[in-house]
Q: 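One structure, as structure tokens, below. Some questions next.
The chain is numbered in sequence order, starting from 1.
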Amino acid sequence: MRYADRSGGLSARARSQREELRFRAADMFAGGMGEPQVTQLLGITRKSACEWRRAWLAGGKAALSSHRPSSRCRQR
């Protein structure tokens, strides 16, 4: 399900915790761990690990940071 503010239905606190999890995954990837190990250690899905690794490879840790909710709704 998509939400208009692109928050994924998460509170600010939950988004922050999820971002921290992505950063931990990035540190593990940088340390040479593969997706299966990261998946198991962090308790995330394989899909998330693959997406996060791809984003990390393309843009580093900054690519995994949370983005502000979109303000498109207010612009309309």
Q: When you measure from the side chain of Glu19 to the backbone of Ser66, do you find a donor-acceptor pair of N or O atoms at a distance under 3.5 Å?
A: yes
Q: List in chain and number order the residues that pass side-chain contact (heavy atoms from CB on, under 4.5 Å) with Ala63, two or more places apart in sequence or in another chain; answer none if no residue qualifies.
A: Ala55
Q: Quick one: CE on Met28 to CD on Glu35, what's the gap to the nearest 0.5 Å?
A: 13.5 Å
Q: Shortest non-hydrogen contact from Ile44 to Thr39?
A: O-CG2, 2.9 Å
Q: Just how far is it from atom CE of Met33 to atom CG of Leu41, taken to the nearest 0.5 Å?
A: 5.0 Å
Q: Does a side-chain heavy-atom distance below 4.5 Å link Arg18 with Arg22?
A: yes
Q: Please determine whether the number of non-hydrogen atoms from other residues, nucleotides or ligands lying under 6.0 Å from atom CD of Gln40 exceeds 12.
A: no
Q: Between Ala49 and Phe29, which heavy-atom pair has the shortest distance, and what is it?
A: O-CZ, 3.6 Å
Q: Would you compute the distance between atom CZ of Phe23 and atom CH2 of Trp56 and round it to the nearest 0.5 angstrom?
A: 13.5 Å
Q: Check whether any side-chain heavy atom of Glu20 lies under 4.5 Å from a side-chain heavy atom of Gln17, and answer yes or no.
A: no
Q: Are side-chain heavy atoms of Val38 and Arg53 found at a separation under 4.5 Å?
A: no
